[in-house]
Amino acid sequence: MSKQWWKNAVVYQIYPRSFMDSNGDGIGDIPGITSKLDYLAELGVEVIWLSPVYQSPNDDNGYDISDYRAIMDEFGTMDDWERMLEEMHKRGIRLVMDLVVNHSSDEHPWFVEARKSKDNPYRDYYVWRDGKDGREPNNWESFFSGSVWEYNEPTGDYYLHLFSKKQPDLNWENETVRAEVYDLMKFWLDKGVDGFRMDVINMISKVPGLPDGNVRPGFDYASGAQYYMNGPRVHEFLQEMNEQVLSHYDIMTVGETGGVTPEHGILYTSPERKELNMIFQFEHMDVDSGPLGKWDVTPLDLVRLKKILAKWQIELHGRGWNSLYWDNHDQPRVVSRFGDDGKYRVESAKMLATCLHFMQGTPYIYQGEEIGMTNVQFPSIEDYRDIETINMYNERIANGDDLNEIMKGIYAKGRDNARTPMQWDGSDNGGFTDGEPWIAVNPNYREINVNQALEDKNSIFYYYKELIAMRKRLPIMVEGSFELIHEESTSLFAYMRHYEDETLLVLNNFTASEQVAEWPESLKGLEAEKLIGNYADEKKEATDGVIWLRPWETVVYRFKK
Ligand code: NOJ
């Protein structure tokens, strides 16, 4: 293992289409990113994860790649990319690229060939099956609605696509495919990139035979997840990748892995197994979903949220490594989701940041989170761009579902909440573009924007900056063990971290009302030093021996034995 520089670093995710447009075409681009690197250096992030910038027909905004070695025309040129990397490295910022190799685009030359005939040399790069009784080969449902199978006229059979039909799954059983992937990884690593975020990497190995799943009454398709998530050969493939590629570079890797338990987490991230450095688990992203899944919106179950995160903290401690996130380009904005995006927007955004950053693992900040950007409510489906949202909408409208219910789901969970343009200033389109943005800017850009945040020393931005700097200073944030307290409280998320002779007490009020709770027995009589908090004035509770928190308050104390 290398130096593990990623353990005390904070990662900032850029969704390039929505970050900064430099040429007025309404689409964010690479020179736009380069122009904002001083801003990111000021925030103090040391790593950037860049969502895909490769050549793509953009069926899924770059997660459908037609050339793994070229830059998307809309984003700029390879020269622009090289300059961006150089400017990042000059500022001590490392670059993690997105690796999307569970599937390619159907416009990738491999697939263009593969679909031509059964004896084409590229045929076995993808997953093909014959139909069954005039239907698809099995009953799995795609993440983007409908079947995972698409009929291919020239060959008279079907190809597998877990995502859109323009994202055919690559056949990892074929060792030539694996060799191609390792090769393209080396191409980027040799150009100097510092790691990969691996898209749905735990779906690359499917159970042979691709068995049917169980269809629930009233549904057309089944989730096939048990047959393609954490499949039989996934660890073998990752160890092979590690041996052939990753181990030869000083880099960081993070796997996107839905449907994992901490036991899986240890298998993927335990250093002696030589697979990945860390993974994104998704259990805590389900705490506001009902039995029908993502679009079945329920209020946050705080007790469940705490239990899930505590479980990951405790089980991976000393055995693997967590990544910590509330937001990314697939999730709604956390201040709207678990906080209060109205009266207490600033307080609750800081509270959520504290709650996350004081846990063990590598924290991720998604663009705009550091200024408290919120969800958006566009009036009509015409304003939405995301394929997942649009397919779901069309399917449910055809089903006769209630329009208001559908829109309620989109407002709460739609991916475009995260994809509205970055709000740089109060000028038209939030300073994102001089042209017509590819998706509308959130109308609150005049109040919520980077300029405003930089001018206010109490802004969310400076609070994040302080959290990032603290992780560098305080080994306990990186190394300490985790202990949840007040487990059953439906309002407080309170925990301790322990390391050597120190303890941190991290208190978070997830409500707009005052909360009082018992001070932990083990800390009674010890002197408390306040490290950070979101209310400026001092309180007396540290010495009074009672926890008292104001609306959405967060506060962290340090104790030395
Ligand atoms: C996960 C990515 O984060 C998401 O944006 C994408 O749609 C799917 N994988 C398919 O690549």
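Just so you know, these numbers use all the heavy atoms, side chains as well, and skip hydrogens, waters and symmetry mates. Because the structure is predicted, anything quoted here is derived from the model rather than measured.
Judged purely by distance below 3.5 Å, without hydrogens or angles, the side chains of Thr34 and Glu87 never pair a donor atom with an acceptor atom. At a cut-off of 3.5 Å, with distance as the only test, a side-chain donor of Asn442 or Asn444 sits close to an acceptor on the other residue. Checked by atom type, the side-chain pair Trp49/Asp98 shows a donor-acceptor distance below 3.5 Å. Defined by atom type and a distance below 3.5 Å, a donor-acceptor pair is missing between the side-chain atoms of Gln360 and Tyr499.
Between Trp552 and Tyr535, the distance separating the two ring centers is not shorter than 6.0 angstrom. In this structure, Tyr63 has its ring center closer than 6.0 angstrom to the ring center of His329.
Shown here is Glu527, whose CD atom has no more than 12 heavy atoms of other residues, nucleotides or ligands within 6.0 Å. Within a 6.0 Å sphere centred on NZ of Lys191, other residues, nucleotides and ligands contribute more than 12 heavy atoms.
Ion pairing between a basic and an acidic side chain is recognised when a charged N comes within 4.0 Å of a carboxylate O; Asp60 and Arg415 show such pairing. Contact check on Asp330 versus Arg419 returns a salt bridge, with a Lys/Arg side-chain nitrogen under 4.0 Å from an Asp/Glu carboxylate oxygen. A salt bridge does not link Arg337 to Asp327: none of the charged nitrogens lies less than 4.0 Å from a carboxylate oxygen. Taking a cutoff of 4.0 Å between a charged side-chain nitrogen and a carboxylate oxygen, Asp341 and Arg333 do not qualify as a salt bridge. Taking a cutoff of 4.0 Å between a charged side-chain nitrogen and a carboxylate oxygen, Asp199 and Arg197 qualify as a salt bridge. We find that Glu521 and Lys524 are joined by a salt bridge, their nearest charged nitrogen and carboxylate oxygen being less than 4.0 Å apart. Salt-bridge check for Lys465 with Glu42: passed, with a basic side-chain N closer than 4.0 Å to an acidic carboxylate O. The existence of a salt bridge linking Lys307 and Glu488 is confirmed by a sub-4.0 Å separation between a basic side-chain nitrogen and an acidic carboxylate oxygen. The pair Glu514-Arg550 does not count as a salt bridge, with every side-chain nitrogen at least 4.0 angstrom from each carboxylate oxygen. In summary, Arg558 and Glu502 engage in a salt bridge, as defined by a charged side-chain N under 4.0 Å from a carboxylate O.
Using a 4.5 Å cut-off on side-chain heavy atoms (C-beta onward), Asn429 and Pro421 make no contact. At least one side-chain heavy atom of Leu37 sits less than 4.5 Å from a side-chain heavy atom of Met88. At least one side-chain heavy atom of Pro291 sits under 4.5 Å from a side-chain heavy atom of Asp296. Using a 4.5 Å cut-off on side-chain heavy atoms (C-beta onward), Pro551 and Lys343 make no contact.
The side chain to side chain contact (heavy atoms under 4.5 Å, CB included) with Phe510 is formed by just one residue from the set Asp340, Leu492, Leu300, Thr490; it is Leu300. Shown are Trp312, Phe280, Tyr364; of these, the ring-ring contact (aromatic ring centres under 6.0 Å, His included) with Tyr325 is made only by Phe280.
Taken to the nearest 0.5 Å, the CG atom of Leu484 stands 13.0 Å off from the NZ atom of Lys311.
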- Task: Please step through side chain to side chain contact (heavy atoms under 4.5 Å, CB included) for the pair His235 and Arg273, ending with a clear verdict.
- Result: CA-CA 9 Å; His235 296 291; Arg273 290 179 51 84; 3.6 Å; yes
- How far apart are the C-alpha atoms of Tyr464 and Val45, what are their side-chain angles, what is the distance that settles it, and do they pass the side chain to side chain contact (heavy atoms under 4.5 Å, CB included) test? CA-CA 10 Å; Tyr464 267 90; Val45 293; over 6 Å; no
- Message: Does Asn508 form a side chain to side chain contact (heavy atoms under 4.5 Å, CB included) with Val506? I'd like the steps, not just the answer.
- Response: CA-CA 7 Å; Asn508 301 291; Val506 185; 3.7 Å; yes
- Message: One pair to check against side chain to side chain contact (heavy atoms under 4.5 Å, CB included): Thr354 and Asn534. What are the steps and the verdict?
- Response: CA-CA 9 Å; Thr354 315; Asn534 61 352; over 6 Å; no
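Judged by distance alone, the side chain of Ser348 and the main-chain N or O of Gly339 form no donor-acceptor pair under 3.5 Å. With Tyr12 contributing its side chain and Leu40 its backbone, the two residues share no donor-acceptor pair below 3.5 Å.
When the ring pair (Phe, Tyr, Trp, His ring centres under 6.0 Å) test is applied to Phe196, no partner is found at least two apart in sequence or on another chain. In this structure, Tyr445 has no ring pair (Phe, Tyr, Trp, His ring centres under 6.0 Å) partners at least two apart in sequence or on a different chain.
Using a 30° and 60° split on the angle between ring planes, Trp326 and Phe338 fall in the perpendicular class, above 60°. The aromatic rings of Phe493 and Tyr495 lie perpendicular to each other, with more than 60° between the two planes, well past the 30° mark.
Residue pairs meeting the side chain to side chain donor-acceptor pair (under 3.5 Å) criterion with at least one partner in residues 466-479, sequence neighbours excluded, are Asn8-Lys472, Glu46-Lys472, Glu466-Arg473.
Here the shortest heavy-atom pairing between Thr511 and Ser491 reads CG2-CB, 3.4 Å.
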